[in-house]
**Q** 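I have a structure I would like to understand better, so I am pasting it below and will then ask my questions one at a time.
Here the structure is a predicted model, which means the values were calculated and not measured. We count residues from 1, following the sequence as given.
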Amino acid sequence: ALILQELLVLAFLSFSSFFLLIDSSQGQFPIVQNMTVTEGGIVNLTCRVEHNDNTSLQWSNPAQQTLFFGDKKALRDNRIELVRATSQELTISISEVTLADEGMYTCSLFTMPVKTAKAFLTVLGMPKKPEINGLTKPVMEGDQITLTCVTSGSKPAADVRWFKNEKEVKGAKEVNASGKTFTVKSSLQLQVNRHDDGVAYTCRVDHMALTATHEETTQVLEVHYAPYVEIKHSIPAPLEGQYLKLECVPHGNPSPDPVLWTKDGGELPDLDRVIVEGRELTFMALNKTDNGTYRCEATNHLGTSHAEYKLVVKDAPTTSSPSTTSPAPTLPDTTGPLDSKHLNSAVTGNRDPNALPGPPDHALIGGIVAVVVFATLCLIIVLGRYLARHKGTYLTNEAKGADDAPDADTAIINADGNHAHAEEKKEYFI
Ligand SMILES: *[C@@H]1O[C@H](CO)[C@@H](O)[C@H](O)[C@H]1NC(C)=O
Ligand SMILES: *[C@@H]1O[C@H](CO)[C@@H](O)[C@H](O)[C@H]1NC(C)=O
Ligand SMILES: *[C@@H]1O[C@H](CO)[C@@H](O)[C@H](O)[C@H]1NC(C)=O
Ligand SMILES: *[C@@H]1O[C@H](CO)[C@@H](O)[C@H](O)[C@H]1NC(C)=O
Ligand SMILES: *[C@@H]1O[C@H](CO)[C@@H](O)[C@H](O)[C@H]1NC(C)=O
Ligand SMILES: *[C@@H]1O[C@H](CO)[C@@H](O)[C@H](O)[C@H]1NC(C)=O
């Protein structure tokens with residue numbers, strides 16, 4: 001029974017392999033591939049038969065019209081051409097592809113019965129360059145605008161994105177089909193402010209027909225706004241005698257007219273007090289009479305704006321003794337009879353913003369001098385006492401022979417001779 005079973009299995013196996021062999025030797029069947037092409041492009045449709053006995057091949061279009069029967073052209077269409085016709089292959093090409101060419105193409109092998117294979121040709125619609133609408137130039141600050149970006153002709157629908165200076169911002173997308181293609185719109189609502197001036201909005205279209213690239217359109221916003229003003233000052237807490245520069249910086253679009261400086265609502269003081277050069281107002285040396293409110297005003301056709309700077313000139317710091325009231329440094333007092341020219345330069349020199357303030361200088365020098373004098377005095381006292389105590393020894397060591405000795409050893413040797421005499425001398429003194 002076992003042998004019988006084995007025989008049966010063997011028989012079955014050989015039978016099936018025989019059947020397969022028959023099938024592959026007689027296996028005449030066409031092989032095709034689905035294709036994708038962008039409209040306007042060119043595509044090859046290839047039909048292959050592995051083992052063919054000169055049986056004819058044919059390509060027909062979605063409308064069931066025969067395009068090529070073997071190497072014979074069947075349809076009058078200049079865009080359709082023969083590429084290769086052998087017993088194993090029939091390849092045709094379609095150029096200037098349109099969306100209407102999309103569909104199922106059939107390759108037929110005229111065996112008995114006829115064998116067919118179907119290839120779907122997908123035609124991609126190329127999106128048109130995006131168009132940005134809704135932007136007026138210039139835009140007024142505070143206006144609400146809606147930018148729309150539209151691209152038509154894409155198939156499948158294109159991807160539309162917005163970028164504000166390279167950074168993506170979310171828009172509202174809307175897709176409409178028109179025939180076989182799609183129109184894609186993305187809207188962006190903006191409340192425009194001055195910071196949008198000069199900002200670039202880019203609409204970018206990505207699509208599979210745009211391999212390794214994309215289409216984009218950019219619009220730069222121009223925002224008009226009334227000016228605003230800021231005043232920059234060269235030093236934070238101005239002191240009498242210091243140099244001070246105020247700079248008026250107007251911002252506005254269109255650019256404001258030249259700025260206007262006023263003091264306490266009136267004219268600026270005389271030119272010898274203050275120098276005005278365009279946006280800059282300069283005090284060479286501040287005086288307490290300069291304090292007040294300085295106003296800078298900028299105007300464009302959209303409006304006027306101003307900024308104010310309240311100047312309160314503080315006392316220049318006084319000398320080492322911190323007397324609060326005396327604004328003048330003690331320099332004139334101590335120098336006594338000094339001609340006015342000299343005094344003036346000394347004072348202005350003292351008030352040069354780049355120079356260190358005078359009083360700390362004096363205090364420092366005074367301190368150093370005191371320390372040096374004290375140290376010298378101490379040294380003198382100590383030395384004096386030391387000398388008085390050890391006069392004998394001192395003298396002995398400074399022996400005559402040591403004086404002209406070239407080095408220490410020689411000095412000691414030279415001094416040795418006088419040693420006894422020295423002892424004697426020391427004893428005598430003490
Ligand atoms: C079509 O086939 C021909 C011949 O093989 C080749 O030269 C050509 O580049 C092909 N065209 C396309 C679009 O693949
Ligand atoms: C195919 O046809 C050619 C001539 O047209 C002939 O020489 C060849 O033997 C044929 N092949 C087969 C397998 O019939
Ligand atoms: C070819 O395209 C058709 C229609 O889109 C689809 O049904 C079929 O599965 C595709 N065949 C291959 C091999 O991708
Ligand atoms: C899409 O269709 C709607 C309604 O038909 C229309 O209001 C809208 O403007 C269309 N959008 C585009 C981008 O064509
Ligand atoms: C400040 O101005 C007044 C009046 O012009 C003048 O008398 C005074 O000397 C000035 N003070 C200084 C420190 O320059
Ligand atoms: C200058 O400041 C003093 C106090 O420091 C004040 O009394 C005076 O009114 C100020 N002058 C101006 C013009 O503001």
Side-chain angles (χ1 to χ4, degrees), residues 226-252 255-300 303-369:
Y228 69 95
V229 188
E230 55 178 331
I231 295 177
K232 291 181 178 165
H233 44 86
S234 60
I235 45 171
L239 303 177
E240 194 165 38
Q242 278 184 324
Y243 166 94
L244 173 67
K245 183 161 92 180
L246 299 180
E247 193 192 347
C248 175
V249 186
H251 307 269
S255 279
D257 303 330
V259 301
L260 181 71
W261 279 104
T262 51
K263 181 189 179 185
D264 298 325
E267 297 265 302
L268 282 178
D270 290 342
L271 270 179
D272 59 334
R273 288 294 332 133
V274 58
I275 301 160
V276 177
E277 264 174 5
R279 307 161 156 199
E280 290 175 5
L281 189 137
T282 311
F283 300 92
M284 294 314 290
L286 286 168
N287 187 311
K288 288 194 126 185
T289 57
D290 293 329
N291 71 353
T293 301
Y294 291 84
R295 173 194 279 232
C296 162
E297 205 173 84
T299 302
N300 68 11
T304 295
S305 167
H306 68 261
E308 287 183 347
Y309 177 83
K310 199 158 187 264
L311 177 62
V312 179
V313 180
K314 299 240 170 67
D315 286 338
T318 52
T319 34
S320 48
S321 60
S323 94
T324 46
T325 43
S326 166
T330 46
L331 196 65
D333 303 318
T334 49
T335 43
L338 205 66
D339 63 291
S340 65
K341 196 178 163 192
H342 194 151
L343 177 78
N344 221 6
S345 70
V347 169
T348 46
N350 206 10
R351 287 166 179 185
D352 184 347
N354 297 324
L356 278 167
D361 250 359
H362 289 301
L364 193 70
I365 290 163
I368 290 166
V369 166

**Q** Once you measure the plane-to-plane angle for Tyr294 and Phe283, does it fall in the parallel (<30°), tilted (30-60°) or perpendicular (>60°) bin?
**A** perpendicular
**Q** Working note: Tyr243 + Met284, criterion side-chain contact (heavy atoms from CB on, under 4.5 Å); need CA distance, chi angles, decisive distance, verdict.
**A** CA-CA 5 Å; Tyr243 166 94; Met284 294 314 290; 3.9 Å; yes
**Q** If every non-hydrogen atom of Val313 is compared with every non-hydrogen atom of Leu239, which pair is closest and at what distance?
**A** CG1-C, 3.9 Å
**Q** Can you name the nearest heavy-atom pair linking Asp290 to Lys263, along with the distance?
**A** O-NZ, 3.4 Å
**Q** Kindly give the heavy-atom pair with the smallest separation between Tyr228 and Ser305, and that separation in Å.
**A** CA-OG, 3.6 Å
**Q** Would you name the heavy atoms of Cys248 and Pro250 that are closest together and state the gap between them?
**A** O-CD, 3.4 Å
**Q** Which pair of non-hydrogen atoms, one from Ala307 and one from Ile231, has the smallest distance, and what is that distance?
**A** O-CD1, 3.5 Å
**Q** Looking at Pro227 and Asn300, what are the two nearest heavy atoms and their distance?
**A** CD-OD1, 3.2 Å
**Q** Which value, rounded to the nearest 0.5 Å, describes the distance between Glu308 atom CD and Thr262 atom OG1?
**A** 7.5 Å
**Q** Quick one, Thr282 and Glu277 - any side-chain contact, counting heavy atoms below 4.5 Å?
**A** no
**Q** Is the backbone N or O of Leu260 less than 3.5 Å from a side-chain atom of Arg279, with the two atoms forming a donor-acceptor pair by type?
**A** no
**Q** Could you walk me through whether Leu311 and Leu246 pass the side-chain contact (heavy atoms from CB on, under 4.5 Å) test, one step at a time?
**A** CA-CA 10 Å; Leu311 177 62; Leu246 299 180; over 6 Å; no
**Q** Under the salt bridge (Lys or Arg N to Asp or Glu O under 4.0 Å) test, which residues partner Glu247, sequence neighbours left out?
**A** none
**Q** Under 4.0 Å between a Lys/Arg side-chain N and an Asp/Glu carboxylate O for Asp315 and Lys288?
**A** yes
**Q** Would a distance-only check, ignoring hydrogens and angles, find a side-chain to backbone donor-acceptor pair under 3.5 Å from Asp264 to Thr293?
**A** yes
**Q** Please report the C-alpha distance between Val259 and Val229 in whole Å, then the side-chain angles of each, then the deciding distance to 0.1 Å, and finally whether the side-chain contact (heavy atoms from CB on, under 4.5 Å) criterion is met.
**A** CA-CA 9 Å; Val259 301; Val229 188; 5.7 Å; no
**Q** Would you call Asn287 and Glu240 a side-chain contact if the rule is heavy atoms closer than 4.5 Å?
**A** yes
**Q** Measuring from Trp261:CH2 to Leu268:CG, what's the distance to the nearest 0.5 Å?
**A** 8.5 Å
